[in-house]
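Contents: one structure, followed by commentary.
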There are 2 protein chains.
Amino acid sequence: MANIREIAKLAGVSVATVSRVLNHYPYVKEEKRQAVWKAVEKLNYTKNINAVHLAKGKTSIIGVILPYVNHPYFSSIVDGISQEALRHGYHLLLFQTNYDVQKELEALEMLRVKQVDGLIICSRTISWEMLKLYQEDGPIILCEDTTGCEMSSVSIDHYEAFMLGMNYLIAKGHRKIGYCIGRTSGTNSERRDAAYRDALQNIDTVPREEWIFDRCLEIADGARVVKALLSMEDKPTALLVASDQVAAGIVLWGQKNGLQVPENLAIVSFDNHPIAEALGITTVDLPLLSMGQKAFQLIHDCFIGKTTTNQNEQLPVRLIERFSV
Amino acid sequence: MANIREIAKLAGVSVATVSRVLNHYPYVKEEKRQAVWKAVEKLNYTKNINAVHLAKGKTSIIGVILPYVNHPYFSSIVDGISQEALRHGYHLLLFQTNYDVQKELEALEMLRVKQVDGLIICSRTISWEMLKLYQEDGPIILCEDTTGCEMSSVSIDHYEAFMLGMNYLIAKGHRKIGYCIGRTSGTNSERRDAAYRDALQNIDTVPREEWIFDRCLEIADGARVVKALLSMEDKPTALLVASDQVAAGIVLWGQKNGLQVPENLAIVSFDNHPIAEALGITTVDLPLLSMGQKAFQLIHDCFIGKTTTNQNEQLPVRLIERFSV
DNA sequence: ATAATTTATGAAATGCGTTTCAATGCAATA
DNA sequence: TATTGCATTGAAACGCATTTCATAAATTAT
């Protein structure tokens with residue numbers, strides 16, 4: 001495979017001139033420019049991008065850390081990141097972690113070794129302290145509220161979102177409310193839990209731990225929840241469901257097992273995925289695509305030096321009333 | 001940032017020895033090994049991975065070309081690729097093309113410039129001829145039947161899958177059958193169309209072009225199909241639906257608009273996504289996760305020199321009977 | 001006409017780890 | 001004791017493009 005020196009030799013110019021031509025810099029005589037392009041074509045030359053990366057000290061790749069690719073919540077975010085990245089000539093390196101700290105660390109290491117110019121963390125298990133150790137290696141954007149930790153972020157106000165759902169249910173007369181969540185740890189989950197408890201406190205009601213369903217991620221988990229509900233003596237009358245997928249599962253498996261929504265169980269879910277519309281589920285719209293886009297924009301602002309301080313952006317949510325309450 | 005030469009100097013050894021230590025090669029005295037690690041720690045050294053890539057001539061990154069990340073069909077494949085890649089220490093670079101030939105070409109170019117060691121093409125628009133120009137630059141695996149084009153592939157037999165669905169519908173007495181598809185071009189779609197026509201021919205029935213619904217990708221497209229069906233004088237009694245998502249949309253929007261499945265319309269869909277189970281949709285299971293895994297395995301076989309010729313693997317499908325027919 | 005710019009161009013340094021090759025030191029075999 | 005062979009180690013070459021710096025030539029400004 002030809003390299004830039006061979007091109008230089010064949011074109012009768014220096015490597016510097018070749019580089020200038022290849023990168024469309026000014027100050028090259030037209031004849032030399034021609035000669036270089038001719039040589040490039042003759043030798044079927046292509047840059048070795050790894051040499052470029054080494055020389056430039058950057059790769060135009062940003063890493064995306066997320067637990068699962070195959071989940072609408074995360075692939076929406078990735079979609080958003082991807083769209084913006086494309087517009088700016090960046091590529092995406094995917095790190096599917098399954099919430100494994102070891103894998104998260106490996107991904108972070110990619111920032112140190114300059115495999116990626118920056119990192120967007122869609123969700124994580126690793127601690128903020130640990131993350132901070134990597135801040136000096138390049139920009140990191142978190143998709144969660146980073147209040148109190150001095151890191152950049154774009155986030156959805158999950159407290160507000162849950163509060164919105166809770167108050168809606170309460171206004172509709174519900175008092176026995178539970179919720180379904182993907183996991184109980186993590187900033188986003190903790191914010192939601194706080195809203196849940198605060199909302200209940202507002203109506204002088206104590207939370208019931210058995211009405212909190214953990215590990216609810218996909219449709220099939222809805223079936224599990226339905227089963228659990230059916231075997232309960234004292235059931236909640238309403239559920240906040242942190243994913244439209246799970247909500248869909250609850251509605252559909254509920255139908256088959258005699259747990260009708262909203263007759264026997266009211267549901268407010270989150271995401272506003274098309275499935276919620278199709279099932280008439282009242283949901284809180286979460287701007288996931290925008291969050292991905294914004295995340296890239298923030299990181300890009302760091303690259304172009306537009307931003308040097310930590311940025312924190314909060315995206316608005318809104319409740320979409322349908323027929324599941 | 002420290003480099004390997006500084007480590008060598010501090011440790012009082014040659015860079016070759018440092019490299020040996022860093023890469024866990026044998027033949028280094030224990031004392032020197034210690035000295036190197038100590039220097040590494042003292043200078044807080046990390047390899048510059050771009051230099052490694054340049055020197056080794058490979059990146060341990062494989063590119064994944066796909067039209068949309070945010071679609072269960074593709075994210076299942078990516079999930080499979082990702083799982084296997086992880087096991088072998090490879091990373092994934094994502095190229096979301098939206099079926100734009102220009103973007104596909106850019107992704108292919110990444111193989112030439114050695115940004116990626118290999119490429120998995122989940123779906124494409126670009127021609128086989130064009131693709132072949134890049135074969136010399138590294139292994140390329142297609143997720144489609146590549147009969148007649150001498151390229152490696154892992155594929156689902158979409159002809160067989162559609163034929164399975166058609167014969168099932170026909171056995172149930174249906175004669176007026178249409179289908180919904182993501183796009184009409186592409187190998188996979190053409191194979192499906194062929195099966196559709198062959199199956200109809202077998203029962204001496206002529207295909208009805210107006211019963212073929214193009215651009216059916218997501219739940220919302222199901223609503224469109226329902227609407228179109230309702231406005232038809234002469235409706236099909238059954239539909240093959242190339243995506244469980246769309247099928248779900250048809251079932252759910254049909255319910256609201258008085259088009260009951262299976263009473264007014266029988267449906268056999270494809271993928272066997274959890275949503276199909278939840279809705280009781282009869283579907284043909286497509287091993288998408290396995291396809292992704294297998295795709296990576298094939299490409300990996302090329303890397304380790306296990307395979308030098310084109311491989312073509314066909315994965316089996318099976319019909320899962322539920323209640324939509 | 002002279003000074004001040006601007007245009008052009010190449011040599012050489014830079015970014016940095018891997019790998020080959022030759023050489024030296026030691027131990028085991030003949 | 002001589003020889004074969006493995007264990008160790010470093011110098012130097014290699015992969016390759018970018019960028020700085022110095023220089024030279026061509027313009028433009030004064």
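For clarity, every value in this text was computed on a predicted model and none was experimentally measured. Order of the sequence lines sets the chain letters (A, B, ...), proteins ahead of strands, with each chain counted from 1.
A ring-centre distance under 6.0 Å is not found for B:His88 and B:Phe303.
For D:dC14, the OP1/OP2 oxygens have no side-chain nitrogen or oxygen of B:Lys56 closer than 4.0 Å. Between B:Tyr45 and C:dC16, a side-chain N or O to OP1/OP2 separation shorter than 4.0 Å is absent.
One atom, CG of B:Asn48, and another, C1' of D:dG15, lie 14 Å apart when rounded to the nearest Å. Between the CG atom of B:Leu43 and the P atom of C:dC16 there is a distance of 13 Å, given to the nearest Å. Atom pair B:Tyr25:OH and C:dG17:P shows a separation of 14 Å (rounding to whole Å applied). For B:Glu31 and D:dT9, the CD to P distance is 8 Å, given to the nearest whole Å. Spacing between atom CG of B:Asn3 and atom P of C:dA13 amounts to 17 Å, rounded to whole angstrom units. Remark: C1' of C:dG17 and NE2 of B:His53 are 11 Å apart, rounded to the nearest angstrom. Nucleotide D:dA13 holds its C1' atom 15 Å from the CD1 atom of B:Ile4, rounded to whole Å. Regarding B:Arg5, its CZ atom lies at a distance of 14 Å from the P atom of C:dA13, rounded to whole Å.
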Measure all distances between protein nitrogen or oxygen atoms and nitrogen or oxygen atoms of nucleotides 23-25 of chain C, and list the pairs falling under 3.5 Å.
none

Close N or O pairs between protein and nucleotides 7-11 of chain C (under 3.5 Å):
{"unit_1": "C:dT7", "atom_1": "OP2", "unit_2": "A:Tyr27", "atom_2": "OH", "d": "2.5"}
{"unit_1": "C:dT9", "atom_1": "OP2", "unit_2": "A:Lys29", "atom_2": "N", "d": "2.5"}
{"unit_1": "C:dG10", "atom_1": "OP1", "unit_2": "A:Lys32", "atom_2": "NZ", "d": "3.4"}
{"unit_1": "C:dG10", "atom_1": "OP2", "unit_2": "A:Ser14", "atom_2": "N", "d": "3.1"}
{"unit_1": "C:dG10", "atom_1": "OP2", "unit_2": "A:Ser14", "atom_2": "OG", "d": "3.1"}
{"unit_1": "C:dG10", "atom_1": "OP2", "unit_2": "A:Thr17", "atom_2": "OG1", "d": "2.6"}
{"unit_1": "C:dG10", "atom_1": "O6", "unit_2": "A:Arg20", "atom_2": "NH2", "d": "2.7"}

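Considering every non-hydrogen atom in both A:Met151 and A:Asn312, the closest pair reads O-ND2, 3.1 Å. The nearest pair of heavy atoms linking B:Ile81 to B:Cys122 is CD1-SG, 4.4 Å. The minimum heavy-atom distance between A:Tyr45 and A:Ala2, with the atom names listed, is CD1-O, 3.4 Å. Of all the heavy atoms in B:Ala295 and B:Val154, the pair that sits closest is CA-CG2, 3.4 Å. For the residue pair A:Gln102 and A:Asp100, the shortest heavy atom distance occurs at N-OD1, 2.7 Å.
Contacts classified as salt bridge (Lys or Arg N to Asp or Glu O under 4.0 Å) and involving residues 114-141 of chain B (residues at least two apart or in different chains) are given here: B:Arg112-B:Asp137, B:Arg124-B:Glu144.
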Would you give me the side-chain donor-acceptor pairs under 3.5 Å for residues 27-41 of chain A, sequence neighbours excluded?
{"unit_1": "A:Glu30", "atom_1": "OE2", "unit_2": "A:Gln34", "atom_2": "NE2", "d": "2.7"}
{"unit_1": "A:Arg33", "atom_1": "NH2", "unit_2": "A:Tyr25", "atom_2": "O", "d": "3.3"}

Using a 3.5 Å cut-off and no angle test, enumerate the donor-acceptor pairs between side-chain atoms of residues 89-96 of chain A and protein atoms at least two apart in sequence or in another chain.
{"unit_1": "A:Gln96", "atom_1": "OE1", "unit_2": "A:Val69", "atom_2": "N", "d": "2.9"}
{"unit_1": "A:Gln96", "atom_1": "NE2", "unit_2": "B:Asp79", "atom_2": "OD1", "d": "3.2"}
{"unit_1": "A:Gln96", "atom_1": "NE2", "unit_2": "B:Ser82", "atom_2": "OG", "d": "2.6"}

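Residue-level contact check: A:Asn23 touches the backbone only, with heavy atoms under 4.0 Å from sugar-phosphate atoms and none from bases.
Under the 4.5 Å side-chain criterion, counting only non-hydrogen atoms from C-beta, B:His53 is not in contact with A:His53.
Between B:His71 and B:Tyr68, the ring planes lie tilted relative to each other; the angle falls in the 30° to 60° range.
The stretch residues 106-117 of chain B does not touch DNA chain C, since none of its heavy atoms comes less than 4.0 Å from the strand.
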